[in-house]
Amino acid sequence: MPKWLQKQLAGAFLHKNKYQIRLLNQCWFFYWDSEENKVE
């Protein structure tokens, strides 16, 4: 997981921002899925 995403998630959890947590979670799965497809 990229450092910038880790920092954003940590801040979202700290402030209990459910909207931002969901958005960043979707970003992570989109990023993870696209990286996984590059390997194949």
Side-chain angles (χ1 to χ4, degrees):
M1 182 180 292
K3 284 285 186 197
W4 66 268
L5 187 55
Q6 290 177 1
K7 288 180 181 181
Q8 291 290 318
L9 274 169
F13 275 102
L14 181 66
H15 298 295
K16 297 183 172 109
N17 186 340
K18 292 179 184 177
Y19 173 77
Q20 190 176 12
I21 292 168
R22 283 192 208 109
L23 181 66
L24 292 168
N25 193 38
Q26 288 175 344
C27 289
W28 166 243
F29 280 107
F30 178 77
Y31 172 82
W32 181 75
D33 191 40
S34 65
E35 287 297 311
E36 187 178 80
N37 289 335
K38 285 182 186 176
V39 174
E40 293 179 306

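All figures in this text were calculated on a predicted structure; none of them were measured in a lab.
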Listing, residues 17-28 side-chain donor-acceptor contacts under 3.5 Å, not counting sequence neighbours, or none:
{"unit_1": "Asn17", "atom_1": "OD1", "unit_2": "Tyr19", "atom_2": "N", "d": "3.3"}
{"unit_1": "Asn17", "atom_1": "OD1", "unit_2": "Gln20", "atom_2": "N", "d": "3.1"}
{"unit_1": "Asn17", "atom_1": "ND2", "unit_2": "Gln20", "atom_2": "OE1", "d": "3.4"}
{"unit_1": "Gln20", "atom_1": "NE2", "unit_2": "Gln8", "atom_2": "OE1", "d": "3.2"}

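- Under the 4.5 Å side-chain heavy-atom criterion for Ile, Leu, Val, Met, Phe, Trp and Tyr, Trp4 and Met1 are members of the same hydrophobic cluster.
- Residues that satisfy the ring pair (Phe, Tyr, Trp, His ring centres under 6.0 Å) test with Phe13, not counting sequence neighbours, are absent from this structure.
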